[in-house]
Number of protein chains: 2
Amino acid sequence: MEHVNAHKACNYYKKHQSLFLEGSFPRGVFCINEGMVKVFQRGDEGKEQIIHIAKAGEMVGFRSMFSETPYRVAAETLEESNICFISKDDFLNMMDSNPVLRNGIIKELSKELSDRADFITNMAQKSVRERLAFTMIILLEIYDKEPINLSREDLANFVGTATETLIRLLKDFKEEGIIEVHTRKISVLNKEKLFSIAGK
Amino acid sequence: MEHVNAHKACNYYKKHQSLFLEGSFPRGVFCINEGMVKVFQRGDEGKEQIIHIAKAGEMVGFRSMFSETPYRVAAETLEESNICFISKDDFLNMMDSNPVLRNGIIKELSKELSDRADFITNMAQKSVRERLAFTMIILLEIYDKEPINLSREDLANFVGTATETLIRLLKDFKEEGIIEVHTRKISVLNKEKLFSIAGK
DNA sequence: TTTGAAATATGATGAAGGTCATTTTTTCAA
DNA sequence: TTGAAAAAATGACCTTCATCATATTTCAAA
């Protein structure tokens, strides 16, 4: 940990600031101290697909660090954030000399791999309504007790649907008493029902 | 390698034989010597979503080995195969003592993570026709020079569509001269066109 | 406080693709 | 070789959801 602290460079990031772009080469990892970051890909027509939303305590960007290939995803803050950067070399050294860290990383990679399998299956087999419920459950964990605070467009890009469709479904959820909306902030009133819609 | 050889247990598997099921606990990894294995998830209505097709030289099942949680995917041979099993303990020991192996594994995990991000974006943003083209490109690599030999159902479950829809699209591709079909075996005649349909 | 731009919302429409029913072909074991 | 079951193929229909157009609200800067 001393080693980490000696080598990390922490910075303040404002809202909608980019950490890295698709196509650029990874030079290190980003540790989120405070704030939130979306990890996404741009499809052929430029529409974003959000793959993951990382919150305080998570690391972003080590995925492609080991493969010496350019990023295929981009990352950007969703809100004001405090984020530290650890260079590739430092990080790899730490991993070599620290089995606990190493195992933690591998465990984390494995978990994400499983999460993405679920994501793929959901995308392939569920309706947008079901996917929205599923997504809200994920966001509920990410935002903890806070209301979900994402633009309609980001939310649509996470669910994988058109913004208009998402807005219509939010309206349905509101009418069904599942959520409460104050401008852009969404609070979940009936978690049970979300689970039952999401299926399983 | 000596160590590996001393501890692995190789077996012959016939077609459609299960390696592990969702919900079971990982006890080791499977190395495919010969043959092919599908890794899939069953959605709520039992429909399979194929996440990955592994061929000779690949390992299957180490993903959840580090997380001490049950498999969320299942694996099953697609054809007659020869597959070795290495127990969790042996494998973890090997990883601890062999940095080269270790880095290879992490690299592989990272690569799969990126592949799955692409998969998600494709699922979310592309038409079934485009996804079929994309899937055929992947299968082209897996089957190398051999014709693609998958049931229509498996193919549909990889693309993430209904079997009927897949069959109709295959017919289109056939009529457009992109593929040639002999009963269940599919040969690609026009790779270029596949790329242009898949987009990018 | 006004104002313009961005975000959100709503309506109309059509196409993509899922579902169900049925037929044809293939496979494989007796 | 044949018969039954599984797989593949085709047709009809209908729901879901994307797209385009437009209206309304929110927000921040002047």
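These figures come from a predicted structure and were not determined experimentally. Naming: A, B, ... by sequence-line order, numbering from 1 per chain. Basis for what follows: all heavy atoms, side chains included, without hydrogens, waters or symmetry-related copies.
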Compare the minimum distances between each of [options] and the side chain of [X], then state the nucleotide with the smallest one.
| X | options | answer |
| --- | --- | --- |
| A/K171 | C/dT10, C/dG17, D/dA8 | C/dT10 |
| A/I167 | C/dT8, D/dC17, D/dT19 | C/dT8 |
| B/E164 | D/dC17, C/dG17, C/dC20 | C/dC20 |
| A/T183 | D/dC27, D/dA18, D/dT19 | D/dC27 |
| A/K174 | D/dA18, C/dT8, C/dA9 | C/dA9 |

| message | Check for me whether B/K38 meets the cation-pi criterion with B/F40, that is, NZ or CZ under 6.0 Å from the six-membered ring centre and within 45 degrees of the ring axis. | response |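 B/K38 over B/F40 ring: yes.
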| query | Quick one: is B/T165 getting a side-chain N or O under 4.0 Å of the C/dG18 phosphate, OP1 or OP2? | reply |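 Result: yes.
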Can you measure [X] atom [atom1] to [N] atom [atom2] for me and round it to whole angstrom units?
| X | N | atom1 | atom2 | value |
| --- | --- | --- | --- | --- |
| A/K185 | C/dT8 | NZ | C1' | 17 Å |
| B/L169 | D/dA8 | CG | C1' | 15 Å |
| B/N149 | C/dT26 | CG | P | 15 Å |
| A/L132 | D/dT16 | CG | C1' | 15 Å |
| A/L166 | D/dA18 | CG | P | 10 Å |
| A/H182 | C/dT8 | NE2 | C1' | 16 Å |
| B/E130 | C/dA15 | CD | P | 17 Å |
| B/K14 | C/dC28 | NZ | C1' | 15 Å |

| request: Report the residue (A/R184 or B/L150) whose heavy-atom-nearest nucleotide on DNA chain D is the more 5′ of the two. | output: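 Nearest-nucleotide comparison on DNA chain D picks B/L150.
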| message | Check the orientation of B/F66 and B/F91. Use parallel for under 30°, tilted for 30 to 60°, and perpendicular for over 60°. | response |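 Rings of B/F66 and B/F91: tilted, as their planes differ by 30° to 60°.
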| message | What's the angle between the local helix axes at either end of the helix from C/dT1-D/dA30 to C/dA30-D/dT1, using five pairs per end and rounding to 10 degrees? | response |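 End axes: 50° apart.
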Pair of N/O donor and acceptor under 3.5 Å linking [N] base with [X] side chain:
| X | N | result |
| --- | --- | --- |
| A/R129 | D/dT15 | no |
| B/R152 | D/dT10 | no |
| B/R168 | C/dG18 | no |

I'd like to know if [X] pairs up with [Y] as an ion pair, taking the criterion as any Lys NZ or Arg NE/NH1/NH2 lying under 4.0 Å from an Asp or Glu carboxylate oxygen.
| X | Y | result |
| --- | --- | --- |
| B/K111 | B/E58 | no |
| A/K8 | A/D90 | no |
| A/D96 | A/R102 | no |

| field | Contacts of A/C31 that satisfy disulfide (SG to SG under 2.5 Å) - sequence neighbours left out | value |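 Once residues adjacent in sequence are excluded, A/C31 has no partner under the disulfide (SG to SG under 2.5 Å) criterion.
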| Heavy-atom count around A/E34 CD within 6.0 Å, excluding the residue itself: above 12? | no
| query | Checking all strands, does A/T163 fall into the base, sugar-phosphate, or nothing category for heavy-atom contacts under 4.0 angstrom? | reply | nothing
| said: Once you apply a heavy-atom cut-off of 4.0 Å, does A/T161 come out as touching a base, just sugar-phosphate, or nothing? | reply: sugar-phosphate
| request: Could you check if a side-chain atom of A/F119 sits within less than 4.5 angstrom of a side-chain atom of B/F119, using non-hydrogen atoms only? | output: no
